[in-house]
Amino acid sequence: MQRLPPNQRLKTDFPVLHFGKVPEFDKGTWDFRVEGLVENPVRLTYDEFLALEKTVDVSDFHCVTGWSRFDNKWEGVRFSDVAKLVRPKSNARFVTIEAEGGYTTSLPLADLMEHDVLFAYYFDGKPLEPMHGGPLRLVVPKKYAYKSAKWVRRVVFTEEQELGFWEQRGYSDSADPWKEERHSY
Ligand SMILES: Nc1nc2c(c(=O)[nH]1)N[C@H]1C(S)=C(S)[C@@H](COP(=O)(O)O)O[C@H]1N2
Ligand SMILES: [Mo]
């Protein structure tokens, strides 16, 4: 199977791309909240998050602007393990991811339950650098990378899909690189 999605170019460096500035990380005030349509909402400190079961996953990364990067080694917590902890209610079908500074994105719960979807805090064996989303970012390898929100702080289970930051600005809500779903028209 062709590994590079249509009209993508392979990069070996790791470009940095985001809107706004890299947020400061303060371990004393940082928290990770999971709420909305769940039986057991949680608020975790940084140390509590690190104590969750850790997973390693190597995956490819595809930015909608046309670059892809292969074999990225992420370490963190599977989305599905977080879901197991909070127990989504039966009417939860989507999840909004909120990052520091107001960036948001949303995905169908079923897409997030895939085994390669992680909240990552390590990259290539080292703590994830702030410019790449440290202390914590979402990684959704099968979607264009604007779904892989950096600096995640809050996760909200919803019934309907909310439009994220780039999705409000004309980017595709489904964002499948293999179908080249770049724009929302
Ligand atoms: N919080 C936040 N996350 C974000 C973005 C952003 O602007 N803000 N940009 C997205 C886009 S478009 C891309 S391509 C990737 C880039 O990740 P990188 O800078 O680690 O390469 O982050 C995604 N996550
Ligand atoms: Mo991107």
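For ligands, and for the atoms within them, numbers begin at 1 and follow the listed sequence.
Residue contact annotation: Phe165 has no non-hydrogen atom under 4.0 Å from ligand 1. Under a 4.0 Å heavy-atom criterion, Gly133 is not in contact with ligand 1.
Closest heavy-atom approach to atom 17 (O) of ligand 1 among the candidates His132, Arg137, His62, Glu100: Arg137. Which of Lys150, Lys147, Arg69 comes nearest to atom 19 (O) of ligand 1 through a heavy atom is settled by distance: it is Lys150.
Between Val16 and ligand 1, no pair of N/O atoms sits closer than 3.5 Å. Note: an N/O pair closer than 3.5 Å links Ser148 and ligand 1 by distance alone. Checking only distances, Leu17 does come within under 3.5 Å of ligand 1, N or O to N or O.
Between Trp67 and Phe61, the angle of the ring planes lies from 30° to 60°, which puts this pair in the tilted group. The aromatic rings of Trp74 and Phe123 are tilted relative to each other, their planes meeting at an angle between 30° and 60°.
With respect to atom 7 (O) of ligand 1, the closest heavy atom belonging to the protein is Phe19 N, 2.7 Å.
Proximity to Cys63 (heavy-atom distance under 4.0 Å) selects the following atoms of ligand 1: 14 (S).
For the pair Arg169 and Phe165, the cation sits on the ring face: its NZ or CZ lies under 6.0 Å from the ring centre, inside 45° of the axis.
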